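Here the structure is a predicted model, which is why all the values come from computation and not from measurement. Protein chains get the first letters and strands the later ones, always in sequence-line order, with residue 1 at the start of each.
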Number of protein chains: 2
Amino acid sequence: MARPDDERPDRISEAEHAVMEVLWARSPQTAAEVCAAVCEERDWSLPTVKTLLSRLVAKQAVATRPDGRRFLYSPLLSRADYLGGESRRLVDRLFGGRAAPLFAHLAQEEALSEDDLAEIEALLKELRQ
Amino acid sequence: MARPDDERPDRISEAEHAVMEVLWARSPQTAAEVCAAVCEERDWSLPTVKTLLSRLVAKQAVATRPDGRRFLYSPLLSRADYLGGESRRLVDRLFGGRAAPLFAHLAQEEALSEDDLAEIEALLKELRQ
DNA sequence: GCTTAATGTTTACAGGCGTAGTCGAATTGC
DNA sequence: GCAATTCGACTACGCCTGTAAACATTAAGC
């Protein structure tokens, strides 16, 4: 029996996430393009970026399509899914799955801008009706 | 503000966090007590727990006080500081430091219970006045 | 047809993490 | 006093991650 696409979260590391961000911003891209884009923030060599891409492909977070002699990379995992998963992981692990305490902590740290408050208020109103 | 240099966050790993939780719940405790408590969730051997405690001491997240032949361990890092730091890290890394998108994601995932909403609403009201 | 430049694959290596065994000193029971 | 127990410290080891070099292959240019 095949274990088809069984439960395989296969965590994406922080460095890998940086690569995903540039693919989410635009895709598909070649390895060289990804490298150029990602190097605006982190100073990585091309081999490093290629390693990260390979690992992402192995984790099935990125798909490759051959384009002549090279590959074009595009994200398989959506940004929304990634963000959702990570957020939930944090909330589960640290706050027993409840978002309110998280919110309280952010508020306490003054990590909430006036805009944030307004936006959240608006979201709340929407959810409430 | 007498906090000149020596600002070294020194990330606490997930396994270490489990140990911190039992120390936050009650302290001080001996290594054996910590092990008993933590083993209700994760099935670790005593040496494993001791290693984690040592690493936490090295990271200055836990303090030791000798008690006869053994040590009593207590948290140095407060739970609030830890949660605050982790939350902020996530928000910074994934949502450009803005809490509203995080909130939106949690809402979308239906990770917000009715109680959460009520609590957050109350917090908002408090922050707003 | 060769050399070269581009590109993916393999291999490497240090540091952190999860997990745990062993060692040596201190303590307690007899 | 001496053996058994109890601790913390040291050591170990495999996996993952960050970072990158070396290698292989292939398309392109001369």
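- We find that CG of B:Leu52 is positioned 10 Å from P of C:dA20, with the value rounded to whole Å.
- A donor-acceptor pair shorter than 3.5 Å can be found between the side chains of B:His17 and A:Arg93.
- Cluster membership check: A:Trp24 shares its hydrophobic cluster with A:Val22, using side-chain heavy-atom separations under 4.5 Å among Ile, Leu, Val, Met, Phe, Trp and Tyr.
- B:Met20 and B:Val57 fall within a single hydrophobic cluster, where Ile, Leu, Val, Met, Phe, Trp and Tyr side chains are chained together by heavy-atom contacts under 4.5 Å.
- With a heavy-atom cut-off of 4.0 Å to chain A, the contacted part of DNA chain D has its first and last nucleotide at D:dT17 to D:dA28.
- In this structure a side-chain-to-backbone donor-acceptor pair under 3.5 Å is present from A:Asp116 to B:Ala100.
- Atom CG of A:Asp67 and atom C1' of C:dA6 are 13 Å apart (whole Å).
- Nucleic acid contact for B:Thr30: none, since no nucleic acid atom lies under 4.0 Å from a heavy atom of the residue.
- At least one side-chain heavy atom of A:Leu90 sits less than 4.5 Å from a side-chain heavy atom of B:Glu86.
- Using a 4.0 Å heavy-atom distance criterion, B:Ala32 is classed as making no nucleic acid contact.
- Salt-bridge check for A:Glu121 with B:Lys125: failed, with every basic side-chain N at 4.0 Å or more from each acidic carboxylate O.
- As a whole-Å value, the separation of B:Leu56 CG from C:dG16 C1' is 14 Å.
- With rounding to whole Å, A:Tyr73 atom OH is found 10 Å from C:dT7 atom P.
- A 4.5 Å side-chain heavy-atom check between A:Leu76 and A:Leu56 finds every atom pair outside the cut-off.
- Between B:Leu53 atom CG and C:dC17 atom C1' there is a gap of 15 Å when expressed in whole angstrom units.
- At a non-hydrogen distance threshold of 4.0 Å, B:Trp44, B:Ser45, B:Pro47, B:Thr48 from residues 40-48 of chain B come into contact with DNA chain C.
- When each of B:Lys50 and B:Arg55 is assigned the nucleotide of DNA chain D bearing its nearest heavy atom, the one mapping closer to the 5' terminus is B:Lys50.
- With salt bridges taken as basic N to acidic carboxylate O contacts below 4.0 Å, none links B:Glu16 and B:Arg11.
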Between protein and nucleic acid, restricted to nucleotides 25-28 of chain C and to nitrogen or oxygen atoms under 3.5 Å apart, what atom pairs and distances do you find?
unit_1 : atom_1 : unit_2  : atom_2 : d
C:dT27 : O3'    : B:Arg69 : NH1    : 3.4

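- At a cut-off of 3.5 Å, with distance as the only test, a side-chain donor of B:Thr48 or B:Ser45 sits close to an acceptor on the other residue.
- Salt-bridge annotation for A:Glu33 and A:Arg70: absent, with no side-chain N of the basic residue lying under 4.0 Å from a carboxylate O of the acidic one.
- A heavy-atom distance below 4.5 Å is not found between the side chains of B:Leu102 and B:Leu94.
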